[in-house]
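So that the names make sense, note that chain A is the first sequence line, chain B the second, and so on, each numbered from 1. Computed from a predicted model, the values in this text were never measured in an experiment.
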Amino acid sequence: MAQKPSIPKGTRDFSPEEMVKRNYIFDAIRQVFQHYGYLPIETPAMENLSTLMGKYGEEGDKLIFKILNSGNYFSEFKKDEELLETKKQGEKVFTKYISEKALKYDLTVPFARYVVQHQNEITFPFKRYQIQPVWRADRPQKGRYREFYQCDADVIGSNSLINEVELIQMIDDVFNRLNIPVIIKINNRKILSGIAEAIGEAHRIIDITVAIDKLDKIGIEGVNNELRENGISKEAIEQLQPLITFQGTTIEKIIFLKQLLSDSAIGLKGIEEVEYIFRTVSMIANIESEIELDISLARGLNYYTGAIFEVKANAGTLSSSICGGGRYDDLTGIFGLPNMSGVGISFGADRIYDVMNELNLFPTAITASTKLLFVTFGETEQNYCLPLLKKIRKAGINAEIYPDAGTKMKKQMSYADNKKIPFVVIIGSDEMQSGMLTLKNMVSGEQEKITIDYLIEKLK
RNA sequence: GUGGCCAUAGUUCAGUUGGUUAGAAUAUCGGUUUGUGGUACCGAGGGUCGUGGGUUCGAGCCCCAUUGGCCACCCCA
């Protein structure tokens with residue numbers, strides 16, 4: 001008995017209709033990347049586990065899909081007792097014996113690995129883009145998949161904040177092209193460090209920022225509770241209050257922060273960077289997206305050190321981010337290439353798709369691929385069509401012929417209809433005698449007899 | 001890793017306080033119509049009711065377990 005087929009949790013098949021729409025997104029992003037001088041690379045689906053582990057924090061390590069070693073991994077253990085002993089040390093240690101490869105979790109870390117490995121072939125600053133799937137062993141839910149595409153653009157080997165400004169422009173360009181209204185939130189890790197420093201909890205920066213990050217979700221009381229539960233001192237939480245609750249324009253926020261962080265060198269540096277970014281972006285007249293300095297924006301990935309970005313759709317029901325990124329000063333350092341700062345952004349193509357689908361933002365014109373179908377009555381007619389078909393294709397028109405000769409006309413017509421092919425050429429004995437083609441417009445239903453040359457002219 | 005909801009045809013769903021042979025719509029295929037699709041009419045195939053146990057004379061329906069899906073938390077694109 002045939003088993004019912006299925007695919008793993010959190011993965012999806014894509015139909016032709018969906019792929020056409022997905023490619024529309026990929027094309028838009030790719031074009032923007034190329035406009036700004038980024039070049040494509042690809043890296044393998046799998047990396048050495050050691051390359052990925054420890055780069056995404058405690059939580060991230062758990063979400064990495066590990067690949068089981070091939071062969072007999074029990075051979076490592078000479079005696080059963082050794083196996084038991086290793087098991088006792090916990091799954092983290094045990095994993096090393098049975099898995100040494102993993103599916104990539106994002107594109108940034110493999111990129112850092114790539115840069116280190118190919119450092120002598122690369123001209124810096126290196127601007128690369130990469131559009132590939134990544135995998136996370138997360139529990140799927142709305143807008144969250146276990147296999148999804150990231151579209152990354154990163155500059156590595158340049159400290160200039162111009163890069164940050166350009167990345168913001170690219171975000172704006174992409175979402176303008178796709179017609180999605182977005183809000184771009186910007187913050188800086190140095191400001192967050194400064195805050196942690198100012199309230200005397202410098203080493204707790206991660207816990208503090210993660211809690212603050214949830215402000216609009218769980219409210220000020222929720223944030224304070226979480227801080228308390230994480231063992232942040234009462235005084236520190238107290239000092240944090242004016243900051244969390246502060247409302248105002250970007251300029252007001254900057255002035256406020258300058259006062260608050262006046263004793264923190266790193267904090268002031270962060271403010272300076274943010275100020276530059278906002279000033280420069282505002283000099284570029286045609287940024288259409290809403291841009292906001294969001295002091296509560298933290299972003300989980302540990303490797304960020306400077307600017308951090310997050311983009312959310314300003315319409316629709318998806319509340320999670322559709323694009324994110326930031327600057328990382330020493331991601332390549334772990335692989336042996338220190339002092340190489342990079343900054344990048346990552347578009348979540350699948351979430352962008354969900355937003356566009358919900359808001360009906362896909363142009364209807366993109367669905368049609370074949371423009372013309374040849375409908376015939378038999379093998380003789382089919383053979384007659386083949387040279388015509390070649391000529392039409394050579395003229396750059398997407399065309400096909402119904403492959404099974406002698407199929408009922410009704411069926412051939414339904415095929416065209418289902419495939420949304422806008423034009424059909426019908427070839428029977430009449431047409432073969434007269435040398436004219438019967439062209440049917442499938443939308444209006446109108447029919448006319450025309451020559452091959454006129455047909456090409458018309459459909460071009 | 002924690003919690004909530006759900007599981008019946010390819011798909012979306014009906015299915016009475018537990019009662020004979022589990023239905024509809026849609027999709028697919030065929031026919032009405034051997035030179036005309038999208039509309040209409042007729043017909044066909046398609047189900048171990050997620051899986052395993054239990055209660056009962058009898059379970060799609062009740063109970064337990066398990067698997068899978070969706071959603072929320074955590075975290076993230």
Excluding sequence neighbours, so at least two apart, what forms side chain to side chain donor-acceptor pair (under 3.5 Å) with A:R393? none
At under 4.0 Å between heavy atoms, what does A:Y145 touch on the DNA or RNA strands: base, sugar-phosphate, or nothing? base
Considering only the P atoms, how many Å lie between B:U39 and B:A25, rounded to the nearest integer? 15 Å
With nearest nucleotide decided by heavy atoms, which residue, A:G10 or A:L63, maps closer to the 5′ end of RNA chain B? A:G10
Work out how far the C1' atom of B:C57 is from that of B:G45, and round it to whole angstrom. 36 Å
Take A:P8 and A:F148, find for each the nucleotide of RNA chain B with the closest heavy atom, and name the residue whose nucleotide sits nearer the 5' end. A:P8
Inter-nucleotide P distance (B:U33, B:G38), Å rounded: 15 Å
Looking at B:A72, I'd like to know if its phosphate oxygens (OP1 or OP2) sit under 4.0 Å from a side-chain N or O belonging to A:Q141. yes
Give me the distance, rounded to whole Å, that separates B:C49 from B:U32 when you measure between the C1' atoms they each carry. 36 Å
Separation of the P atoms in B:G60 and B:A44, to the nearest angstrom: 25 Å
Under-4.0 Å salt bridge between A:R351 and A:D354: no
Find the distance between CD1 (A:I64) and OG1 (A:T51) and round it off to the nearest 0.5 Å. 10.0 Å
Between A:K9 and B:G69, is there a contact of a side-chain N or O with OP1 or OP2 at under 4.0 Å? yes
Within the modelled atom types, does a donor on one side and an acceptor on the other bring the side chain of A:R144 and the base of B:C75 under 3.5 Å apart? yes
Would you indicate what A:G143 reaches in the nucleic acid, counting non-hydrogen atoms under 4.0 angstrom: base, sugar-phosphate, or nothing? base
Nucleotide by nucleotide, 5' to 3', does protein get under 4.0 Å of the base (B), only the sugar-phosphate (S), or neither (-) in nucleotides 34-41 of chain B, counting heavy atoms? -BBBB---
Report the nucleotide, chosen from B:C71, B:C76, B:C75, that has the shortest atom-to-atom distance to any side-chain atom of A:R351. B:C76
Nearest-Å distance once atom C1' is located in both B:U55 and B:C64: 11 Å
Quick one: label A:K214 by what it contacts on the DNA or RNA (base, sugar-phosphate, nothing), any heavy atom closer than 4.0 Å. sugar-phosphate
Specify whether A:Y402 and A:Y415 have parallel, tilted or perpendicular ring planes, treating 30° as the upper limit for parallel and 60° as the lower limit for perpendicular. perpendicular
In short, A:F33 meets A:A153 closest at the heavy-atom pair CE2-CB, 3.6 Å
Are A:F347 and A:F175, when compared by the centres of their aromatic rings, separated by less than 6.0 Å? yes
Can you tell me which nucleotide in B:A77, B:C76, B:C73 comes closest to the side chain of A:S320? B:C76
Cationic tip of A:R12 above A:Y145 ring, under 6.0 Å, 45° of axis: yes
